[in-house]
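Here is the structure we will look at.
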Protein chains: 2
Amino acid sequence: MDALDRKILAVLQTNARASLQEVGQAVGLSSSPCWERIRKLEAAGVIEGYTVRLNAQALGLHETVLVQLTLDSHTDNTLEKFGETLAAIPEVVEAYLVSGEYDYLLRVAVKDTRDYERLLRERLYKIKGIRHSKSSFVLRTLKKADLPL
Amino acid sequence: MDALDRKILAVLQTNARASLQEVGQAVGLSSSPCWERIRKLEAAGVIEGYTVRLNAQALGLHETVLVQLTLDSHTDNTLEKFGETLAAIPEVVEAYLVSGEYDYLLRVAVKDTRDYERLLRERLYKIKGIRHSKSSFVLRTLKKADLPL
DNA sequence: GGTGAAAACGGGCGGAT
DNA sequence: ATCCGCCCGTTTTCACC
């Protein structure tokens, strides 16, 4: 992982479909060594995969909600079960176990507030051991950036 | 945007580098209409671009911090200036204006706690008009998923 | 670790159904 | 609107530096 690798990653972050020649040109290399480096970055697990950046609005996902959760118990078992439960809820896009006054933060993407109410009632509140929950609706997304390199 | 388009998007979410033939096979179409549909989804802005999923750990970004911020003022001007300031800080990966008891939530990716302390001192605390801030360190990432389709 | 060229592959566009 | 096939660019390999 040298400076050239980071440059390559930066290019791929902005356009993962750039041809190897474009990548090479951008970093000052020909296509073959670029390909070799990318292959190694994939093998090393630095590159986990390639995705598409989608417009949530265009897909009808008009509301994003940030949910703070506190659980009753904090055993290994609880954490694992909770993780599995969240994994099964497609609307839960991100989930973090955090330090501080609450335990978990979720980012949830839903069609509208009615959809969120249903999710809360039928999915989240059905989870055993939730002591407390607080929902904050996203009013505006100010930034959504790639990882700093 | 029909069911086929959603299927195509689902395939691209898991692997944006899948060949058109692979995508076609997965959705039950040949490559040409797939390409046509993808082109239209790009033109319509549903597909905003293609990125690479990177392993933050492997890049030396060992800490993720969720920062709650409250500002003094809430005018249009304040919001805009604040947005521009955040845009210039590469470690700020996500930033939301939210409803509730605090105003903004940031997700910040840094090398370590020392790095975060520097960011806080040299960048965030330099922002005029911050009334309050609260940092929560991510102890475990439970989920990082694509948008639900 | 880099280049450059050759072979294999897939994307991009026509015409037919 | 989907399929088929042709052509050209790109990916991937390989011998050489």
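By convention in this document, chain letters (A, B, ...) are assigned in the order of the sequence lines, proteins followed by strands, and residues within each chain are numbered from 1. What you see is a predicted model; the values in this text were computed from it and never measured.
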Exercise. Any Lys/Arg nitrogen of A/R123 or A/E91 sitting under 4.0 Å from an Asp/Glu carboxylate oxygen of the other?
Worked result: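 Between A/E91 and A/R123 there is no salt bridge, as every charged N stays at least 4.0 Å from the carboxylate O atoms.
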
For this session: Flag the pair B/D2 and B/R37 as a salt bridge only when some basic side-chain nitrogen lies within less than 4.0 angstrom of an acidic carboxylate oxygen.
Result: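 Salt bridge flag = yes for B/R37 with B/D2.
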
Exercise. A/S30 near the nucleic acid: base, sugar-phosphate alone, or nothing, with a heavy-atom cut-off under 4.0 Å?
Worked result: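 Sugar-phosphate, backbone atoms only, no base.
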
Exercise. What is the nucleic acid contact for B/R37, judged by heavy atoms within less than 4.0 Å: base, sugar-phosphate only, or nothing?
Worked result: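 Sugar-phosphate contact only - B/R37 comes under 4.0 Å of backbone atoms but never of a base.
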
To the nearest Å, give me how far apart [atom1] ([X]) and [atom2] ([N]) are.
| X | N | atom1 | atom2 | result |
| --- | --- | --- | --- | --- |
| A/Q25 | D/dT10 | CD | C1' | 14 Å |
| A/E22 | C/dG11 | CD | C1' | 14 Å |
| A/Q21 | D/dT12 | CD | P | 12 Å |
| B/I38 | C/dG12 | CD1 | C1' | 12 Å |
| A/L41 | C/dG1 | CG | C1' | 15 Å |
| A/R39 | D/dT13 | CZ | C1' | 11 Å |
| A/L20 | C/dA5 | CG | P | 17 Å |
| A/N15 | D/dT10 | CG | C1' | 14 Å |

Exercise. Quick one: CG on B/N15 to OG1 on A/T51, what's the gap to the nearest 0.5 Å?
Worked result: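 Here the rounded value is 9.0 Å.
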
Candidate nucleotides [options], ranked by approach to the side chain of [X] - the nearest:
| X | options | result |
| --- | --- | --- |
| A/L29 | D/dA1, C/dT3, D/dT11 | C/dT3 |
| A/S32 | D/dC14, C/dG2, D/dC4 | D/dC14 |
| A/S19 | D/dT10, C/dG1, C/dG2 | D/dT10 |

For this session: Indicate whether OP1 or OP2 belonging to D/dT11 is found under 4.0 Å from a side-chain N or O atom of B/R17.
Result: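 Checking D/dT11 against B/R17, no side-chain N or O comes under 4.0 Å of OP1 or OP2.
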
Exercise. Quick one: is B/W35 getting a side-chain N or O under 4.0 Å of the C/dG11 phosphate, OP1 or OP2?
Worked result: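 Checking C/dG11 against B/W35, no side-chain N or O comes under 4.0 Å of OP1 or OP2.
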
Exercise. Is there a path from A/V108 to B/L142 through hydrophobic residues (I, L, V, M, F, W, Y) whose side chains come within less than 4.5 Å of each other?
Worked result: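 Linked, A/V108 and B/L142 end up in one cluster.
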
